[in-house]
Each structure stands twice: as structure tokens, then as C-alpha cells.
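Below is one structure, written out as C-alpha cells; the observations come after it.
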Amino acid sequence: MSNQLLNMNKVVSGADEAIRDIQDGMTLMLGGFGLCGLPENCITALVKQGRKELTCISNNAGVDDFGIGLMLKQRQVKKMISSYVGENAEFERQLLSGELEVELLPQGTLATRCMAAGYGMPAIFTPAGVGTEVAEGKETRNFNGKDYLMEMAFDADFAIVKAWKGDTMGNLVYRSTARNFNPVMAMAGKITIAEVEELVEPGELDPDHIHTPGIYVHRIFQGKDYEKRIEQRTVRVKE
Amino acid sequence: MSNQLLNMNKVVSGADEAIRDIQDGMTLMLGGFGLCGLPENCITALVKQGRKELTCISNNAGVDDFGIGLMLKQRQVKKMISSYVGENAEFERQLLSGELEVELLPQGTLATRCMAAGYGMPAIFTPAGVGTEVAEGKETRNFNGKDYLMEMAFDADFAIVKAWKGDTMGNLVYRSTARNFNPVMAMAGKITIAEVEELVEPGELDPDHIHTPGIYVHRIFQGKDYEKRIEQRTVRVKE
Amino acid sequence: MLDKTGIAKRIAKEIKDGYYVNLGIGIPTLVANYIPETMDVVLQSENGLLGMGPFPFEGEEDPDVINAGKQTITMLPGSAIFDSAMSFGMIRAKKVNLTILGAMEVSENGDIANWKIPGKMVKGMGGAMDLVASAENIIVAMQHVNKAGESKLLPHCTLPLTGVHCVKKIVTELGVFDVLPEGGFKLLERAPGVSVEDIKNATAGKLIVEGEIPEIVI
Amino acid sequence: MLDKTGIAKRIAKEIKDGYYVNLGIGIPTLVANYIPETMDVVLQSENGLLGMGPFPFEGEEDPDVINAGKQTITMLPGSAIFDSAMSFGMIRAKKVNLTILGAMEVSENGDIANWKIPGKMVKGMGGAMDLVASAENIIVAMQHVNKAGESKLLPHCTLPLTGVHCVKKIVTELGVFDVLPEGGFKLLERAPGVSVEDIKNATAGKLIVEGEIPEIVI
């Protein structure tokens with residue numbers, strides 16, 4: 001064994017470099033649930049870059065002034081593939097005017113179609129949506145007396161995710177419910193970009209605690225100025 | 001919110017109690033790869049309990065005097081479903097004499113059929129085994145120009161796994177490559193039994209580092225006298 | 001008649017010790033407040049958490065710790081975090097014992113509609129279709145009639161479906177109903193001050209009334 | 001003629017900077033010793049490890065740290081552990097750039113047989129079927145002829161197959177061969193002291209020789 005130290009360096013200078021080769025018309029996966037665990041730096045860079053006709057696979061569509069909402073405002077998005085797109089007036093306007101195409105999928109179907117891509121499975125079966133309009137045009141198949149829809153693995157040009165910590169080899173660790181769709185999307189991109197709150201050297205992350213092995217990640221950088229906006233601030237009063 | 005402290009106690013006294021209701025003819029999944037990450041206490045208890053006609057789903061079949069080899073010696077196993085069964089003379093004897101039935105599957109197929117059960121997916125597609133005798137009797141399907149076999153989720157009465165640490169609610173953490181098949185089998189049993197080297201209270205494991213959430217685990221106990229036998233001791237000499 | 005709190009309290013009685021429960025947005029969320037202290041119940045939030053706790057104290061909100069309704073929450077000792085694929089994996093594998101959610105309509109064969117009104121802005125089904133298609137045990141918490149005064153317990157749903165043949169039980173402000181496998185809403189309990197006649201008048205689907213119907217006790 | 005070390009050294013030249021590589025048991029395992037120091041290569045072990053290091057020093061063996069050959073190994077800084085489903089997930093998703101494995105037979109259309117001899121005890125395919133069915137880039141390291149002196153590079157495999165149309169390159173003690181998409185073993189390099197004639201005589205499948213064939217440089 002010759003290589004005693006792994007140094008597969010995937011570090012890029014920042015969001016602009018990470019997304020440099022995204023082109024008009026591409027399909028992007030964007031991690032996060034609501035405004036939690038969003039790749040904020042990359043979204044800012046995407047808005048600045050100004051590519052058009054993008055298809056975005058993301059559980060939600062952000063709000064008017066945060067998250068994918070910022071890209072919608074600039075009319076960069078041709079199509080959203082999501083499970084829930086509430087709380088966004090500009091989104092609603094574009095949808096009703098026909099400027100924006102939306103494909104709504106059950107949340108589990110969305111997640112599992114990402115996982116399927118990352119696990120090299122061309123299709124999966126799920127009962128979600130059987131007997132509903134989600135089933136239209138899809139193959140239904142009965143196993144053990146229960147009907148399932150066959151849903152295809154996603155095919156995304158880029159997956160853009162946000163992790164808590166990552167090392168220069170692309171290994172990622174997420175924090176709390178900011179994990180959500182990020183690991184399944186990280187596995188699923190032809191090119192996967194990870195932005196992290198803290199970038200560390202190989203060996204600083206415990207191998208047992210890595211959520212996304214670096215093999216799935218192509219570019220990584222330490223993001224800055226995370227706003228981490230809260231969508232629904234709910235609290236209780238100390239008694 | 002009324003319950004401020006979770007206390008869903010799944011602790012049993014030990015291996016004997018954990019496996020008490022396993023019956024002749026049942027299907028068991030047993031975690032581990034080679035002799036690494038084996039549920040040693042449960043295997044000892046299964047040998048003592050002496051149930052017969054068992055179907056065992058396990059990547060390997062142990063060696064003559066350790067692991068599932070001990071159950072084979074007692075002729076408790078009717079059928080092994082494995083990917084590799086080498087290094088076991090008694091196994092070979094029973095197989096050649098027709099006492100033991102063996103179904104050999106690609107290792108990834110074995111793992112993914114476990115995962116499918118734990119993820120409520122009745123079947124998965126894999127290219128492994130296309131054009132080989134593994135494909136016999138199975139549906140082949142072409143996606144995007146490539147052939148895949150449809151493989152069914154396993155249906156196991158019990159999954160028996162070994163983790164490093166676990167809490168009383170059944171949350172599990174594995175150590176190094178002793179993880180292997182354990183998490184995917186833990187998800188897949190109708191009843192899942194986990195033996196751990198160290199049993200801790202809820203809250204002692206970092207929620208971000210739990211590999212198997214307790215919802216998948218029904219019984220847990222702290223095992224004892226782990227031998228952790230090494231199958232191939234390979235070392236280098238300090239220069 | 002029950003108010004929302006009453007509906008939540010009555011549903012809380014359906015929860016058993018040791019249950020893993022998924023609570024939808026709205027009345028179902030309130031149910032968490034009425035689970036008896038003596039019971040060990042773990043709440044699943046489909047964005048990737050088992051062991052959801054109460055809202056944080058003011059100033060202790062963590063933007064990385066939210067529930068499926070995007071509300072800031074806390075995590076109880078013994079919690080586990082996982083990704084969205086595993087979250088719906090455990091839902092599909094029926095590891096979640098009980099799902100409680102709201103509905104716009106339920107049909108007498110257990111179909112449910114709760115995500116889309118044609119002509120209105122559609123926000124999406126979120127995890128609802130996965131939950132109703134997978135859960136063994138689904139309780140619907142809803143008002144018995146809509147704002148126009150029309151029954152929401154129908155022979156057939158008129159709105160786009162969320163799932164078919166899945167609802168097992170319904171709790172409304174008027175009563176508690178089993179949805180029978182062979183079809184029909186079987187009246188189990190009446191809300192205080194509500195007569196069987198009142199319930200018949202408010203129920204468009206097939207209502208089954210057998211024997212004396214006790215009043216709800218909460 | 002190359003010895004086993006020679007075969008391993010020649011295969012090491014196929015590895016590129018930044019590759020994730022899966023090495024099978026036997027000669028392929030030796031390849032790890034000849035990857036240039038300057039190259040960043042990560043070894044995947046399909047039992048659930050990226051970043052496999054050398055054998056441990058005596059006395060430092062950890063029974064929880066093994067490779068797919070069940071040998072005690074070490075983990076390099078930057079390693080990651082994962083379960084068997086994810087391990088084969090990343091293999092199927094073609095994230096592993098190169099797979100090197102042994103074989104009993106390879107056919108001129110890229111079929112491989114390496115797991116079963118009828119009439120003999122069958123130990124199983126392990127992860128080989130997954131690897132050959134998934135990898136974009138498969139190199140076979142093997143002896144050119146079997147113990148009976150028969151060619152292992154055949155028109156058709158005679159043994160039960162491990163995978164079809166998958167082998168891209170073969171390195172034997174006699175030479176280096178591309179397996180052409182349209183069928184046939186294209187001779188790329190000869191081992192030192194081996195003539196094209198020697199190779200022709202040892203190759204039962206269709207051998208393609210074009211122009212001057214250089215000697216292997218290692």
C-alpha cells in the first residue's frame with residue numbers, strides 16, 4: 001500500500017466556482033426542507049449567475065425572498081418538481097399564469113427517486129399515489145395483494161446540498177433535521193456540490209459518523225454568512 | 001406535549017429471553033460479514049434453544065466452530081441464503097449430502113433485498129446476475145438500454161443484529177466495518193433483536209449519529225463475553 | 001359538540017403505550033398535548049425525526065430543528081435523526097403505528113381527499129399520500145361539514161383523492177366513526193349534546209347506527 | 001512472462017489520479033502496493049469501507065476493521081464507513097471508477113466466469129456479480145491458461161457466468177488485451193520475452209493483432 005494519506009482534494013474556492021458549469025436548461029436537485037438545510041451560498045450564486053430554463057427538484061420552493069424563491073423571482077426556473085410549494089406568492093403568480101410548470105409528487109416518492117439514483121436502481125415501487133392523479137401514466141403493479149406505482153430514478157445534472165461539516169475529500173456530516181433531503185440528493189447528482197458550515201481536513205470526521213461518503217461528492221467549499229432563516233418560529237413560554 | 005421523557009423500554013434480560021419465541025421452521029436474518037459484527041450471544045442462545053428447520057439469511061455461514069457454523073453443526077438450519085459460504089467443512093458436507101439447501105445470491109442483491117423490506121419496497125431492480133443462473137425464474141426488465149433483474153424484498157420472522165452501542169429505546173450505533181449487513185437487516189425483521197456491547201440510557205447517543213433508529217428494533221440487551229474472532233489475521237511488520 | 005381541543009382529546013385516547021405516531025398539521029398537532037404522561041409514545045416527524053418534543057422556550061429556537069410543519073421544535077432524549085428516504089421507508093414499512101391527519105372529504109369506503117381543490121392554488125400533497133398509502137392505522141380528525149354546510153362524510157369523494165381505502169376511523173365535532181371494510185361509517189360515539197338524528201342529518205355517506213350510541217367521554 | 005507481481009504492477013498503471021477502486025481477492029489485492037505515491041486513490045471494500053489502508057502492525061489488529069477478504073486492515077484518514085446496501089448502491093451507481101478482479105474464463109465478447117465450477121463445492125459469488133454488472137471499467141487479472149494448460153481467453157465461456165459483456169481489459173502473464181465492444185481480444189502489449197506467436201498459441205478466442213506490438217513497460 002503506497003498511499004498512506006488520502007488527499008483526494010475536492011475543494012473549490014466558493015459557490016461561484018462550484019456552480020460555474022451549470023448551463024441553461026439543466027436539471028438541479030436542491031437539498032433542504034422548507035428553509036432548513038438549504039444550500040444558501042449556492043442559491044445566491046445561482047441567482048447571480050442567472051441561468052434560465054432550469055428544472056429544480058426540491059421538496060419545497062422557498063419563500064418569496066429566500067431559498068428557491070429568489071430564483072423564481074428572476075424567472076430562472078422552467079419547472080419545479082416538489083411535494084409542497086406553499087407560502088410563495090410569486091410562485092403562485094407564475095404557476096397560475098402558466099409561466100412555471102410544476103410537477104407535484106408525494107414527499108416519499110421524491111426522496112426515494114433520489115435514493116434510487118444514488119443506489120443505481122432504475123425504478124422503485126411505492127404505494128403512495130395509487131388510485132390518485134399521481135398514478136396517471138404510471139405503471140401500477142400488485143405485490144402480495146397491494147398495489148404499487150413504479151416510479152423512476154431521477155436523472156439530475158447537478159445535486160447541490162448543504163451539510164454541517166465536511167472534509168476536503170467530500171465526506172459530509174449533517175446536523176439535526178437540516179439533514180432531510182440532503183443525503184439522498186448528494187448521492188443522486190451526476191455532479192454533486194456540497195457547501196458546508198465547517199470544512200475540515202481528512203481524519204477530523206469520525207468515519208463511523210459520516211452520513212455521505214466522499215465518493216458521492218465532487219466539489220466542496222466552506223460557505224459563509226449563513227442566515228438559516230426560520231419559517232415558522234414557534235415557542236413556548238417558560239413557566 | 002405531555003411526554004417530556006421518552007422511555008420506550010425495549011430491554012430484555014439477555015439472549016435467551018430475546019429469542020424465546022423463535023419457532024422451528026422460521027426465517028431468521030443474522031447480521032455480520034464473515035465473523036465480523038456477529039450477534040454472538042444470540043447465536044449461542046439459538047444453539048442452546050435448539051430450534052430446527054430454520055432458514056438463515058446471512059452473508060456468510062460462519063466457520064466450523066464459530067458463528068452460524070455452530071448452528072449448522074447441530075443441524076438446525078434447513079436452508080442458507082447467502083452470498084459466500086466458504087471456509088466451513090461441515091457446511092460443505094451437509095450441502096454435498098443434500099441435508100442442507102443453499103441459495104446463493106449476489107452480495108448486493110442480498111443487502112438490497114433486506115433494505116427493500118425495511119423501506120417498504122416490495123421489489124427492487126439490480127443488474128447483478130443478469131445473464132447468469134441467478135437470473136433463472138426471475139423477471140428481467142430493460143431500463144434505458146440496460147437489463148435488470150427484479151428481486152423481491154425479504155420476509156423474515158426475526159432479524160438478529162449486533163451493534164456497538166444501543167440505548168434502551170433501541171437506537172443503535174455500529175463500529176467500523178462491524179456495521180456491514182447489521183443496519184439493513186435491523187430494518188427488515190418482523191421482530192428485530194439487537195445485542196450491543198454497551199447499553200446506555202436514552203439521550204446518551206447523539207441523535208445525529210444513530211445508524212438504526214429505535215423504531216426498527218423490538219428487543220435489545222447488552223451482550224457479554226464477546227470473542228470477536230478474527231478470520232484472516234493479516235499484519236505487517238514494523239520497519 | 002366537541003371543539004378542536006375536544007377532538008384532539010378524544011383522538012389521544014386511541015394512542016396506545018409504545019406507539020410511534022405521526023401527527024399531521026392542524027388538529028392532529030394538538031393531540032400531542034393530551035397523550036397521558038404515563039404513556040411512552042414517540043412522535044415521528046416525516047422530515048426526519050423520531051422523538052419530537054415540545055416547542056422550544058423563547059430564545060432557544062434552533063433553525064436546524066424543525067418539524068414537518070416547518071415549526072421550530074425540540075428533540076427529546078432518545079431522539080434519532082435520519083434522512084427523508086429512511087423516513088418514508090419506515091412509514092412504508094408500517095413501523096409507524098398510527099397516523100392522524102386532517103381531511104377535506106372521506107368516503108364511506110375509506111378514500112380520503114385532503115390536498116387539492118380544483119381551481120384553487122394547489123400547494124402539494126407533502127407526505128400525505130405516502131402516509132395514507134402506507135399506514136395500517138389512520139385516524140382522520142376533521143370538521144363534520146365544510147364551510148358551506150355540506151357533509152364531508154360522503155358516498156364518494158368529489159375532490160381529487162389523496163389515497164384509497166385507507167381511513168380506518170374518523171373523529172369530528174359530532175362523533176366517532178369506524179370506516180367499515182365493507183363500506184359505511186359506523187357510528188361509535190356521539191359528542192355531548194349531539195343526537196343520532198343530528199349526525200344522520202350531517203352525514204351524506206352511508207351511516208350505520210346499531211343499538212344505543214354512547215356519549216364521548218374525554 | 002510476468003509473474004504475479006508483474007501483472008499487479010502493470011495493472012497499477014491503469015489507475016488514474018482521483019480514482020475510487022475496488023480490488024478483488026488474489027492478484028488484484030497486490031495492485032494496491034504499486035499505486036504511485038503521487039496519486040490520490042481511494043480503495044473501496046464492499047463490506048462497507050472507503051479508504052482502506054495497509055495491514056495493521058502486529059498486535060494492532062482490530063476485529064471490527066476488516067476488508068471484503070475478511071483480512072484485518074487499517075483505515076486511512078478520510079475513511080468513511082457505510083452499510084452493505086449503500087456499499088453496493090455506490091457500486092451500482094458507478095461511483096467506483098475501476099474494478100479489478102480475477103477470473104477463471106473470459107470470453108471474446110467480455111463475458112466472465114469466476115465463481116463456480118460444476119461438480120465442485122461452490123462457495124458463492126460474494127460481491128463479484130454486483131461488481132461486474134455495474135462497473136464501467138473492469139480489468140481482469142489472471143493467468144492466461146489454466147492448470148491443464150487450456151486457454152482462459154475463449155470464444156465462449158464454458159463455466160457458469162458471473163456477468164455478461166462487462167470485461168474491458170485483461171492483463172495476464174503474457175500480455176495486455178482490450179476486449180473490443182464488437183468482440184475479440186485486441187493485443188495491446190506483450191510481456192517481456194513473449195512473442196505474438198506465443199500469445200496466439202495460448203489464446204483460444206479471437207485474437208486481434210494490429211501492427212507492431214510493444215513490450216510491456218513497468
Side-chain angles (χ1 to χ4, degrees), chain A residues 1-11 112 114-124 153-156 159 163 165-173 183-192 199-220, chain D residues 9 12 15-23 29-44 48-56 64-65 67 73-97 130-131 133-136:
Chain A
M1 180 76 43
S2 60
N3 54 330
Q4 296 291 311
L5 183 68
L6 297 172
N7 188 28
M8 194 168 275
N9 200 321
K10 298 176 177 182
V11 178
T112 314
C114 294
M115 186 186 77
Y119 274 18
M121 305 191 296
I124 56 99
F154 280 123
D155 186 15
K165 292 185 181 180
D167 69 22
T168 56
M169 290 175 62
N171 293 303
L172 304 178
V173 175
V184 290
M185 289 183 170
M187 297 192 301
K190 280 200 199 71
I191 295 176
T192 292
L199 184 66
V200 303
E201 290 301 311
E204 290 189 47
L205 302 176
D206 184 334
D208 283 338
H209 296 162
I210 287 166
H211 298 124
T212 298
I215 194 171
Y216 283 116
V217 176
H218 303 86
R219 302 171 191 173
I220 189 167
Chain D
K9 282 183 178 168
I15 294 175
K16 296 198 176 74
D17 200 32
Y19 262 20
Y20 291 91
V21 180
N22 183 294
L23 302 177
T29 304
L30 299 177
V31 174
N33 299 320
Y34 306 106
I35 301 169
E37 293 269 358
T38 53
M39 237 180 234
D40 292 320
V41 172
V42 178
L43 300 181
Q44 200 248 20
L49 168 64
L50 277 164
M52 181 165 60
F55 295 148
D64 288 341
V65 184
N67 65 15
I73 49 148
T74 56
M75 288 158 57
L76 298 176
S79 286
I81 294 285
F82 34 85
D83 65 40
S84 299
M86 181 180 267
S87 183
F88 286 94
M90 66 183 63
I91 287 168
R92 282 194 305 266
K94 302 184 190 303
K95 303 294 175 182
V96 176
N97 305 99
D130 306 274
L131 284 160
S134 302
E136 292 278 10

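Below, all heavy atoms of this structure are taken into account, side chains as well, without hydrogens, waters or symmetry copies. Here the structure is a predicted model, which means the values were calculated and not measured.
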Residue list, salt bridge (charged side-chain N to carboxylate O under 4.0 Å, His left out) with D:Asp64, at least two apart or on another chain:
B:Arg175, B:Lys228
Pairs of heavy atoms under 4.5 Å with chain D: top-ranked of A:Gly203, A:Ala153, A:Gly170
A:Gly203
Between D:Leu50 and A:Met169, is any pair of side-chain heavy atoms under 4.5 Å apart?
no
Contact part of D:Val31 toward chain A, heavy-atom cut-off under 4.5 Å: side chain, backbone, both or neither?
neither
So CD1 of D:Ile81 and CG of A:Asn171: to nearest 0.5 Å the spacing works out to 11.0 Å
Is chain D contacted by the side chain of A:Ala117, its backbone, both, or neither, given a heavy-atom distance below 4.5 Å?
backbone
Closest non-hydrogen atom pair between D:Gly89 and A:Tyr216, with its separation:
C-OH, 3.8 Å
Proximity breakdown for A:His209 and chain D, heavy-atom pairs closer than 4.5 Å:
neither
Heavy-atom nearest pair, A:Pro207 first then D:Ser79, reads CB-O, 3.4 Å
For a quick test of reading the model, state the closest non-hydrogen atom pair linking D:Met90 to A:Pro213 and the distance between them.
CE-CG, 4.1 Å
Flag yes if more than 12 heavy atoms outside D:Lys16 fall under 6.0 Å of its NZ atom; otherwise flag no.
no
Side chain to side chain, A:Met187 and D:Met86, heavy atoms closer than 4.5 Å:
yes
What heavy-atom pair brings A:Asp167 and D:Gly78 nearest, and what distance separates the two atoms?
OD2-CA, 4.2 Å
